[in-house]
Amino acid sequence: MAWVITHLCRDCVDMSCIEVCPVDCIYGYTGDDAATFPNQLYIDPEECINCGVCEPECPWEAIFEDEQVPEVFHEAVALNAKITEAKDHFEVPDKIDRPRPSSEEVASNKTKWGYTG
Ligand code: SF4
Ligand code: SF4
């Protein structure tokens with residue numbers, strides 16, 4: 001069991017989640033293969049202790065428990081797990097303060113990815 005960061009994080013990368021993770025298992029990709037690892041953060045499922053404290057911190061509502069990941073984002077489970085194959089190219093990023101998205105922006109981002117939840 002682990003938590004998963006989905007497509008809703010892509011290009012938003014607010015980073016509120018990294019500050020609360022007690023085991024620092026939320027990573028950014030530092031390599032140059034953006035086709036495999038798009039611009040979002042990733043949770044290492046082998047390090048995640050399933051505490052769930054990151055989920056309410058995400059203003060884009062991008063984080064789900066693996067068994068609760070919506071079908072439209074199902075590939076995110078394997079994508080997060082894929083970081084274990086390329087760990088040398090991942091590191092815990094520094095926090096960047098970004099403005100909180102409005103509820104309209106959050107809804108628009110969900111629509112963009114075909115998520116109606
Ligand atoms: S808080 Fe949400 S949007 Fe921000 S980096 Fe974490 S998962 Fe991505
Ligand atoms: S569930 Fe807990 S351990 Fe796992 S990524 Fe979120 S804050 Fe970190």
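Read the numbers this way: they start at 1 and go in the same order the structure lists the ligands and their atoms.
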Enquirer: Any idea which atoms of ligand 2 are less than 4.0 Å away from a heavy-atom of Val23?
Expert: 3 (S)

Enquirer: Which residue supplies the protein heavy atom nearest to atom 5 (S) of ligand 2, what is that atom called, and how far is it?
Expert: Cys25 SG, 3.5 Å

Enquirer: List every atom of ligand 2 that sits less than 4.0 Å from any heavy atom of Val53, numbering the atoms from 1 in the order shown and giving each element.
Expert: 7 (S)

Enquirer: To the nearest 0.5 Å, what is the distance between CG on Asp11 and CG on Asn39?
Expert: 5.0 Å

Enquirer: Let me check your reading of the structure: within less than 2.8 Å of atom 6 (Fe) of ligand 2, is there an N/O/S atom from Cys54?
Expert: yes

Enquirer: Which atoms of ligand 2 have any heavy atom of Ile43 under 4.0 Å away?
Expert: 5 (S)

Enquirer: Can you tell whether the side chains of Lys87 and Glu47 come within less than 4.0 Å, N to carboxylate O?
Expert: yes

Enquirer: Is there an N/O/S atom in Cys9 that lies less than 2.8 Å from atom 6 (Fe) of ligand 1?
Expert: no

Enquirer: Give me the residue, atom name and distance of the protein heavy atom closest to atom 3 (S) of ligand 2.
Expert: Ile49 N, 3.4 Å

Enquirer: Identify the closest protein heavy atom to atom 8 (Fe) of ligand 2: which residue and atom is it, and at what distance?
Expert: Cys21 SG, 2.4 Å

Enquirer: Any donor-acceptor pair under 3.5 Å linking the side-chain atoms of Asn50 with those of Trp3?
Expert: yes

Enquirer: Counting each atom of ligand 1 from 1 as listed, which ones have a heavy atom of Ile63 under 4.0 Å away?
Expert: 7 (S)

Enquirer: Out of all atoms in ligand 1, which are within 4.0 Å of some heavy atom of Trp60? Include the element for each.
Expert: 3 (S)

Enquirer: Using a strict cut-off of 4.0 Å, indicate which atoms of ligand 1 neighbour a heavy atom of Leu41.
Expert: 5 (S)

Enquirer: Does a side-chain heavy-atom distance below 4.5 Å link Gln40 with Asn80?
Expert: yes

Enquirer: Around atom 2 (Fe) of ligand 2, find the nearest protein heavy atom and jot down its residue, atom name and distance.
Expert: Cys51 SG, 2.2 Å

Enquirer: Which atoms of ligand 2 are found less than 4.0 Å from any heavy atom of Gly52?
Expert: 1 (S), 2 (Fe)

Enquirer: Which atoms of ligand 2 sit under 4.0 Å from any heavy atom of Pro22?
Expert: 7 (S)

Enquirer: Is there a side-chain contact between Glu55 and Glu65 (heavy atoms, below 4.5 Å)?
Expert: no

Enquirer: Considering only non-hydrogen protein atoms, determine which one is nearest to atom 4 (Fe) of ligand 2 and report residue, atom name and distance to 0.1 Å.
Expert: Cys48 SG, 2.3 Å

Enquirer: Examine ligand 1 and decide if any of its atoms is less than 4.0 Å from a heavy atom belonging to Met15.
Expert: yes

Enquirer: How far is atom 6 (Fe) of ligand 1 from the closest protein heavy atom, and which atom is that?
Expert: Cys17 SG, 2.2 Å

Enquirer: Show me which atoms of ligand 1 lie under 4.0 Å from any heavy atom of Ser16.
Expert: 1 (S)

Enquirer: At what distance, to the nearest 0.5 angstrom, does SG of Cys12 lie from CG of Leu41?
Expert: 10.5 Å

Enquirer: Below 4.5 Å, heavy atoms only, C-beta onward: do Tyr29 and Thr36 meet side chain to side chain?
Expert: no

Enquirer: Is there a donor-acceptor pair closer than 3.5 Å between any side-chain N or O of Thr30 and the backbone N or O of His89?
Expert: yes

Enquirer: Considering the heavy atoms of Ile5, write down every atom of ligand 1 situated less than 4.0 Å from one of them.
Expert: 7 (S)

Enquirer: So how far is it from His74 NE2 to Asp66 CG, rounded to the nearest 0.5 Å?
Expert: 14.5 Å

Enquirer: When you measure from the side chain of Ser108 to the backbone of Glu104, do you find a donor-acceptor pair of N or O atoms at a distance under 3.5 Å?
Expert: no

Enquirer: Spell out, yes or no, whether Tyr27 and Leu79 are grouped together once hydrophobic residues are joined by side-chain heavy atoms under 4.5 Å, including indirect joins.
Expert: yes

Enquirer: Heavy-atom contacts with Ile26 under 4.0 Å: which atoms of ligand 2 show up? List them by number with element.
Expert: 5 (S)

Enquirer: Please could you name the atoms of ligand 1 that Cys58 approaches to less than 4.0 Å, counting only its heavy atoms?
Expert: 1 (S), 2 (Fe), 3 (S), 7 (S)

Enquirer: Measuring from atom CZ of Phe64 to atom SG of Cys58, what distance do you get when rounded to the nearest 0.5 angstrom?
Expert: 9.0 Å

Enquirer: Whether the Tyr115 and Glu61 side chains hold a donor-acceptor pair (N or O, under 3.5 Å, no angle test) is what I'd like checked.
Expert: no

